[in-house]
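What follows is one structure encoded as structure tokens, with my remarks underneath.
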Protein chains: 2
Amino acid sequence: MAMTTTIVAWESRNQQGGGGGGHGGGGERREHMFEKVVTPSDVGKLNRLVVPKHHAEKYFPLGPAARSSPAGTVLCFEDARGGDSTWRFRYSYWSSSQSYVITKGWSRFVRDKRLAAGDTVSFCRAGARLFIDCRRRAAAVSPSSPSGALIKVQLPVVDEKEASCGRRCLRLFGVDLQLRADAPPALDLQL
Amino acid sequence: MAMTTTIVAWESRNQQGGGGGGHGGGGERREHMFEKVVTPSDVGKLNRLVVPKHHAEKYFPLGPAARSSPAGTVLCFEDARGGDSTWRFRYSYWSSSQSYVITKGWSRFVRDKRLAAGDTVSFCRAGARLFIDCRRRAAAVSPSSPSGALIKVQLPVVDEKEASCGRRCLRLFGVDLQLRADAPPALDLQL
DNA sequence: TTTCCCACCTGCTAA
DNA sequence: TTTAGCAGGTGGGAA
């Protein structure tokens, strides 16, 4: 499954959230670091977020020790929209793929935020405080959506007699089935 | 893949293997400890056997030191059917999953014994001597096989007209299907 | 390179 | 309903 990973980053020092937004304080300006449009893998069973290398090395640098250690380090983020939730992620470097990843803790974030492929997760900071936020992708979920590959399966005819009366047969998991007369002529399997 | 793990344990002091079976001696009675029906993971690429916690703590207790140490300890088993083979396994506790595992040496046992998922591995002892044995799963892959949980699914009638002509309908993965007239009245799903 | 081993991690599920 | 157990995984590294 191929999905383009889009990264958008600002170097601006724009204050986020307008005015005194967010939860009380610190007073320091909130600076956008970067965003990532998450891939299916980022929200899937791999339970990890790949942090693009140039952003990782700029904003979340690992010392030589942490870079070598599988344990990496722990990054704590506050919820950018306020609330009490904080998110603790293990952050480390995978030398095998030469990539920076957020692992432990990430799957909980995905679940709690109902994060889906195509959504955007954004990171910002105010001094030493780190914030994480996310937003939904633009709504449209059409059959031509790029988020899931579609395979059209023509249903095989396995029984001449039945076929002659217009019924399509299908052997599924060892069970012989017939499609209803008004069933579509093919199955669309979404991966 | 869901596979039922069946554990059978005896506390009896029955001598195993009948008479003076096994290889010469010791004289001590051979006591069954426990058995495990191995899972696909136990005989697969993970190269480890998960020892169910209650059996592990009863028969192969690890001292605090060995429990904390990643090195664990070494368990040596003799072949319960005699022969010269002895099996040295590393046995340790994985704190992350809170489980007891046999790791190093296990894959060799799996290979040499041609152990497959569903087979049973059994452990017994005679005094301080430990024995390991295994046996094939019951050959039959019949619907009543105990090696996989069976769920009998009565097919729902969803369409009166179709039902009246003797056809059973089933909605599967969002697709309306009809069973062939000669299909069984229920599905046995083997897990 | 490939295989095995190691120390982790997590979702599912039965109790 | 919550939770402990474990089956099924990961990347890293040693051999």
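All values below come from the heavy atoms of this structure, side chains included, with hydrogens, waters and symmetry mates left out. Here is how names work: the chains are called A, B, and so on, in the same order as the sequence lines, proteins then strands, and each is numbered from 1.
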Taking only side-chain N and O atoms of [X], does any of them lie within less than 4.0 angstrom of OP1 or OP2 on [N]?
X      : N     : answer
B:R90  : C:dA7 : yes
B:T39  : D:dG8 : yes
B:S96  : C:dC8 : no
B:K104 : C:dC5 : no
B:N47  : C:dT3 : no

Atom [atom1] of [X] and atom [atom2] of [N]: how far apart are they, to the nearest Å?
X      : N      : atom1 : atom2 : answer
A:L46  : C:dC9  : CG    : C1'   : 13 Å
B:R48  : C:dC9  : CZ    : P     : 16 Å
A:R111 : C:dG11 : CZ    : P     : 5 Å
B:Y100 : D:dA7  : OH    : P     : 15 Å
A:K45  : D:dG9  : NZ    : P     : 8 Å
A:I102 : C:dT10 : CD1   : C1'   : 17 Å
B:Q98  : D:dA7  : CD    : P     : 15 Å
B:F109 : C:dC5  : CZ    : C1'   : 18 Å

Residue [X], side-chain heavy atoms: nucleotide from [options] that is nearest:
X      : options              : answer
B:W94  : D:dC6, C:dC4, C:dA7  : C:dA7
A:S107 : D:dA7, C:dC5, C:dG11 : C:dG11
A:S95  : D:dA7, D:dG13, C:dC9 : D:dG13
B:P52  : C:dC6, D:dA7, D:dC6  : D:dC6

* **For A:D133, side chain to side chain donor-acceptor pair (under 3.5 Å) partners two or more places apart** =>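 Here the qualifying residues are A:R81.
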
Should we say atom [atom1] of [X] is surrounded by more than 12 heavy atoms from elsewhere, each under 6.0 Å from it?
X      : atom1 : result
A:K45  : NZ    : no
A:D112 : CG    : yes
A:R136 : CZ    : yes

* Axis bend over the full length of the helix from C:dT2-D:dA15 to C:dA15-D:dT2, computed from five pairs that close each end, to 10 degrees ->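 The end axes of the helix from C:dT2-D:dA15 to C:dA15-D:dT2 are about 10° apart, to the nearest 10°.
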
* Taking only residues at least two apart or on different chains, which pairs with a member in residues 95-107 of chain B satisfy side-chain hydrogen bond (donor to acceptor under 3.5 Å, both in side chains)? ->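 Residue pairs passing side-chain hydrogen bond (donor to acceptor under 3.5 Å, both in side chains), neighbours aside: B:E57-B:Y100, B:R67-B:Y100, B:S97-B:S99.
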
* Toward the 5' end of DNA chain C, by each residue's nearest nucleotide, B:S69 or A:T103 ->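 Per heavy-atom nearest nucleotide, the more 5' residue is B:S69.
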
* Electrostatic pair B:K36-B:D42, nearest N-O below 4.0 angstrom ->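 Yes.
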
* Asked: Base, sugar-phosphate alone, or nothing: which one does B:G72 contact when heavy atoms must sit under 4.0 Å apart?
  ->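 The answer is nothing, as B:G72 stays clear of every strand by at least 4.0 Å.
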
* Looking at every strand, decide which applies to B:Y93 at a 4.0 Å heavy-atom threshold: base, sugar-phosphate, or nothing. =>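 Here B:Y93 touches no strand at all.
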
* Name the one of B:V101, B:T39, B:V38, B:V43 that satisfies side chain to side chain contact (heavy atoms under 4.5 Å, CB included) with B:L49? ->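 Of B:V101, B:T39, B:V38, B:V43, side chain to side chain contact (heavy atoms under 4.5 Å, CB included) with B:L49 is met by B:V38 alone.
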
* Checking ring-ring contact (aromatic ring centres under 6.0 Å, His included) against A:F123, which of A:F89, A:F131, A:F77, A:Y59 comes through? ->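 The residue from A:F89, A:F131, A:F77, A:Y59 that satisfies ring-ring contact (aromatic ring centres under 6.0 Å, His included) with A:F123 turns out to be A:F77.
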
